[in-house]
Amino acid sequence: MAATASSTWQPQEEGFKEICGLLEQQMSPATSDKSQIWQQLQHYSHFPDFNNYLTFIFARAEGKSVDIRQAAGLLLKNNLRAAFKNMPLANQQYIKSELLPSLGATDRHIRSTAGTIISVLVQIEGFAGWLELLHALVSGLDSNDSNLMEGGMDALSKICEDVPSLLDSDIPGLSERPITILLPRFLQLFQSPHASLRKLSLSSVNQFIMLMPTVLLLSMDKYLQGLFLLANDPAPDVRKLVCMAFVQLVEVRPAFLEPHLRNIIEYILQVNKDPDDEVALEACEFWSAYCDAPQLPPENLRELLPRLIPVLLSNMVYADDDESLLEAEEDGSLPDHDQDLKPRFHSSRFHGSEDGEDDDEDIVNLWNLRKCSAAALDILSNVFGDDILPTLMPVVQAKLSATGDEAWKEREAAVLALGAIGEGCINGLFPHLSEIITFLIPLLDDKFPLIRSISCWTLSRFSKYIVQVTDHQEGREQFNNILMGILRRVLDDNKRVQEAACSAFATLEEEAAEELAPCLDIILQHLMCAFKKYQRRNLRIVYDAIGTLADAVGEELNQPRYLEILMPPLIEKWQQLPNSDKDLFPLLECFTSIAQALGTGFAPFAQPVFLRCITIIQSQQLAKVDPVSAGFQYDKEFIVCSLDLLSGLAEGLGSSIESLVSQSNLRDLLLQCCFNDAPDVRQSAFALLGDLAKVCPVHLHPRLAEFLDAAAKQLNTSKPVEKETISVVNNACWAIGELAIKVPKEISPIVLTVVSCLVPILQHAEGLNKSLIENSAITLGRLAWVCPELVSPHMEHFMQAWCIALSMIRDDIEKEEAFRGLCAVVKANPSGALNSLVFMCKAIASWHEIKSEDLHNEICQVLHGYKQMLKNGAWEQCMSALEPSVKASTSLQLNFHPGETCSLKVEACYTSPNFR
């Protein structure tokens with residue numbers, strides 16, 4: 001293939017045939033080794049005009065099949081992402097010039113692929129370098145050629161989806177923004193006789209609801225009229241997009257809908273019964289969006305509830321073609337295939353109070369009308385509470401009492417409904433809860449697997465209340481019945497039921513905690529029996545249940561008879577799995593929880609586990625640079641899981657881990673991980689750094705300066721903290737604080753660097769992760785405690801924000817250490833806190849109980865010092881600015897005298913600091 005690119009570029013026959021032949025082989029089912037064909041195509045991609053050949057085949061090779069032409073187009077699209085910017089200008093122009101006519105091709109697949117390629121080019125270079133494109137697209141929309149109109153609209157819909165902001169920006173060479181030119185044409189196409197054009201134009205406009213460009217704002221009435229016009233469109237795809245538009249508008253611009261709300265709500269209710277499930281699903285999304293919109297009064301839905309709730313319940317019944325019905329028949333003895341294993345994601349170790357939400361994973365894996373309807377019922381129950389019960393319960397009771405095998409889906413939906421309202425309607429259900437649970441327990445043994453599985457889930461939704469009543473005989477018996485029922489289902493022969501039972505048991509474990517201790521023997525026997533019985537997919541859930549059990553019962557697990565049941569099968573599996581097997585992930589997580597729960601009781605198992613983690617980290621670091629030598633591809637998750645297990649060992653074994661650390665190269669490996677390019681690896685690395693600082697800081701000493709430098713670099717806040725790195729920053733911050741109190745002398749060179757990074761976090765705390773703010777305040781306090789002479793000269797710049805953050809922290813040893821730092825810098829520089837005295841008093845008043853006598857004395861000294869320092873009514877003026885509860889707390893501490901005992905259970909302060 002000669003590299004002869006020009007505006008009149010023509011392919012050579014030989015090259016054309018060769019590439020077409022390769023594409024045909026690539027697509028042929030008869031080709032056994034497609035990787036070899038792919039490598040050959042990749043080799044050709046190094047020729048300068050290879051993409052010209054692909055363009056020619058796609059746009060002009062009408063003698064070839066559409067499949068071959070489309071394959072050439074998709075390969076071209078992928079190549080352009082990487083290569084377009086570096087192509088010769090003539091080649092770029094050739095590709096562009098050939099694509100535009102393809103928008104009007106007679107074959108729909110060619111038109112669609114042309115639109116996809118064009119959207120990629122727009123993403124790469126925008127419109128400025130290709131103004132002809134916009135002119136061609138507008139001309140196509142204005143023409144009477146249906147192929148050209150659909151091809152142009154298809155390309156525009158993809159551009160609107162991929163880069164909507166580009167269409168609402170100023171383009172050199174254009175007098176108006178592209179969306180200003182295009183929107184009137186989109187709205188006009190709402191009335192097209194062609195369903196495809198109605199669909200593409202509506203989809204395009206919907207992409208701008210979030211951005212809300214001026215032209216759409218000014219055209220809102222016309223847009224809404226268009227939506228009403230399309231509301232009963234014969235094409236399901238169009239009705240679906242109408243519902244999506246209403247949902248988005250409710251979420252971001254509800255004010256526009258208010259004049260029409262009654263009609264829209266009535267419409268959505270009707271479409272919620274649409275024969276097309278996808279349309280009904282989009283309509284169903286409206287109820288959750290409406291309830292979450294703070295500007296819209298929920299009362300608008302109240303009168304609709306008697307009609308809405310039966311619709312939701314009806315849609316919660318399994319559809320005849322639901323994939324779950326087939327999956328439910330899966331025999332638990334059949335081995336899982338790789339494609340049966342859902343992707344799993346390990347959550348890196350995190351120090352602090354997390355803001356994450358509980359993921360109540362329903363029995364359904366894919367989001368569908370059934371699951372969405374249950375979610376809507378859940379939200380309605382939280383908004384309207386017990387008020388929905390008079391409408392709901394008669395329908396639920398009718399479904400539950402339906403007899404016969406043919407009615408099992410109705411019964412299953414009723415059990416799902418009870419679980420969905422389990423939180424929102426708990427007050428109304430509570431008097432009948434014992435009766436409801438008594439009814440549900442036998443359903444755990446129902447002949448239909450999906451009734452058994454949903455009964456597990458619904459019972460788990462009442463876990464909190466089941467555990468609350470275990471203090472009397474009847475409640476304890478009920479708890480035991482539920483526990484045994486779920487454990488029976490853990491050993492079910494059906495994979496779906498196994499999964500539901502393990503998940504339900506994990507939820508019950510979290511609520512019951514130490515209440516499970518008397519049942520540990522039988523629980524462990526069931527779990528280890530499941531461990532031997534389960535196939536690969538559900539084995540992961542058993543690991544999770546074991547780990548959750550360890551977290552729940554803690555040191556209760558550390559008894560020889562329990563360890564004899566639990567550990568041998570786990571160790572055997574641990575030894576069977578190679579270091580590159582992903583089935584290790586859940587086992588590593590499981591061992592992490594067990595190590596933390598057993599504490600020093602894990603010591604007999606610690607050495608092989610510790611060494612295995614070191615080996616895994618080493619081998620993955622090798623695989624990252626040389627996968628051939630390693631024998632497998634790099635996967636960072638092995639490093640993350642291994643680091644987290646080492647953290648669990650450090651937490652469980654305490655200083656006993658020192659002998660293992662001293663005889664390994666963990667220190668050097670950990671430092672490499674602190675500089676890893678993956679945020680989750682760094683997150684776990686800094687968590688382990690902090691854990692090691694607590695139990696064996698001496699082994700970090702040789703490279704301590706490098707560790708501190710690595711941690712300080714994570715705190716660099718010259719740019720806003722990004723979502724994916726916020727946990728890294730949090731853990732690095734926490735690790736520095738742990739190091740500060742263990743190696744105070746070594747910390748001094750980086751103190752001011754760290755303080756300069758922490759202060760902006762505290763000053764701009766709104767919207768930041770709660771734990772990051774708390775850890776920043778604690779670490780600042782620890783640095784102030786060990787190096788007050790370095791921190792105190794700068795305290796007036798951050799005292800107010802620091803005190804606000806300190807007041808939000810729960811009472812514990814870390815808060816004590818932070819307040820020791822507060823007292824230390826105030827003593828060193830009393831004037832630095834004068835302007836923030838009110839905030840400091842609020843922070844002090846946030847304590848429920850100061851257990852440390854000497855800390856309380858220090859705090860009292862500080863307050864007495866300021867009272868003596870502030871003369872001529874200044875102290876009284878400061879006190880008058882305090883809220884009554886804060887003022888009372890401050891006065892209480894000031895009124896103590898040596899020898900008296902305060903209500904905070906510590907003695908009074910003794911002397912005032914030296915305030916000048």
Apply side-chain contact (heavy atoms from CB on, under 4.5 Å) to the pair M808 and K770, showing each step before the final yes or no. CA-CA 9 Å; M808 310 296 286; K770 179 186 174 188; 5.9 Å; no
Take L762 and I773 through the test side-chain contact (heavy atoms from CB on, under 4.5 Å) and record every step on the way to the result. CA-CA 6 Å; L762 297 175; I773 298 160; 4.1 Å; yes
Yes or no on salt bridge (Lys or Arg N to Asp or Glu O under 4.0 Å) for K464 and E511, after CA distance, side-chain angles and deciding distance? CA-CA 6 Å; K464 185 185 295 184; E511 291 294 342; 5.3 Å; no
Could you walk me through whether K713 and D709 pass the salt bridge (Lys or Arg N to Asp or Glu O under 4.0 Å) check? CA-CA 6 Å; K713 280 179 177 169; D709 180 55; 3.2 Å; yes
List the steps and the verdict of side-chain contact (heavy atoms from CB on, under 4.5 Å) for L704 and L708. CA-CA 6 Å; L704 191 58; L708 288 169; 4.1 Å; yes
Pair E651-K694, salt bridge (Lys or Arg N to Asp or Glu O under 4.0 Å): steps then yes or no: CA-CA 9 Å; E651 189 175 324; K694 290 169 76 171; over 6 Å; no
Check the pair F602 / M567 against side-chain contact (heavy atoms from CB on, under 4.5 Å), numbers first and verdict last. CA-CA 10 Å; F602 195 77; M567 294 306 294; 3.9 Å; yes
Please determine whether salt bridge (Lys or Arg N to Asp or Glu O under 4.0 Å) holds for the pair D854 and R820, giving the CA-CA distance in whole Å, both sets of side-chain angles, and the decisive distance to 0.1 Å. CA-CA 10 Å; D854 61 335; R820 292 184 192 280; 3.2 Å; yes
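Residues N676 and K624 have side chains in contact (heavy-atom distance under 4.5 Å, counting atoms from C-beta outward). Contact check for W802 versus M795: no side-chain heavy atoms found under the 4.5 Å cut-off. L700 is not listed as a side-chain neighbour of V743, based on a closest heavy-atom distance of 4.5 Å or more. W785 places none of its side-chain heavy atoms less than 4.5 Å from the side chain of E816. When side chains are defined from C-beta on, L837 counts as touching W875, because their heavy atoms get closer than 4.5 Å. In this structure, L806 and F819 have side chains that are in contact, with non-hydrogen atoms separated by less than 4.5 Å. Counting only heavy atoms from C-beta outward, the side chains of E510 and T548 approach each other to under 4.5 Å. Side-chain contact between V729 and N769: absent, with no pair of heavy atoms (C-beta onward) separated by less than 4.5 Å.
Remark: side-chain polar atoms of E509 are paired, donor with acceptor, to backbone N or O of L549 under 3.5 angstrom. Judged purely by atom type and a 3.5 angstrom limit, Y543 has no side-chain atom pairing as donor or acceptor with the backbone of L584. Here the side chain of S836 pairs no donor or acceptor atom with the backbone of A833 at under 3.5 angstrom. Here the side chain of H764 pairs a donor or acceptor atom with the backbone of P760 at under 3.5 angstrom. Between the side chain of Q763 and the backbone N or O of H797, at least one donor-acceptor pair lies under 3.5 Å. Checked by atom type and distance alone, the side chain of S748 never pairs as donor or acceptor with a backbone atom of P744 at under 3.5 Å.
Note: R703 CZ to D668 CG = 5.0 Å, rounded to the nearest 0.5 Å. Separation of atoms CD1 (I778) and CD1 (I809) is listed at 4.0 Å; rounding is to 0.5 Å. With rounding to the nearest 0.5 Å, the separation of OG1 in T779 from CH2 in W734 is 9.5 Å. For the atom pair Q620 CD and L669 CG, the distance stands at 12.5 Å (nearest 0.5 Å). In this structure, CZ in F591 is found 8.0 Å from CG in L645, a value given to the nearest 0.5 Å. L666 CG to F610 CZ: the interatomic distance, rounded to the nearest 0.5 Å, is 5.0 Å.
Nearest heavy-atom pair, S776 versus I761, reported as atom, atom and distance to 0.1 Å: OG-CG2, 3.5 Å. Taking all atoms of both residues into account, the shortest heavy-atom contact from K815 to D812 is N-OD1, 2.9 Å. In terms of heavy-atom proximity, A595 sits nearest to L649 at CB-CD2, 3.9 Å. The two residues V728 and P679 make their nearest non-hydrogen contact at CG2-O, 3.1 Å. Summarising the geometry of V553 relative to A517, their closest heavy-atom pair is CG1-N, 4.4 Å, with the distance given to 0.1 Å. Contact record, V681 with C673: CG1-O, 3.9 Å, taken as the closest heavy-atom pair.
A donor-acceptor contact closer than 3.5 angstrom is absent between the side chains of R682 and N731. Of the N and O atoms on the side chains of D644 and S642, not one donor lies less than 3.5 Å from an acceptor on the other residue.
Within 6.0 Å of atom CD in E789, more than 12 heavy atoms from other residues, nucleotides or ligands are found, so the atom counts as buried in its surroundings. Taking a 6.0 Å sphere around CD of Q559, one finds it holds more than 12 heavy atoms contributed by other residues, nucleotides or ligands.
The side-chain contact (heavy atoms from CB on, under 4.5 Å) test with L834 singles out one residue from M840, M799, M869, and that residue is M869.
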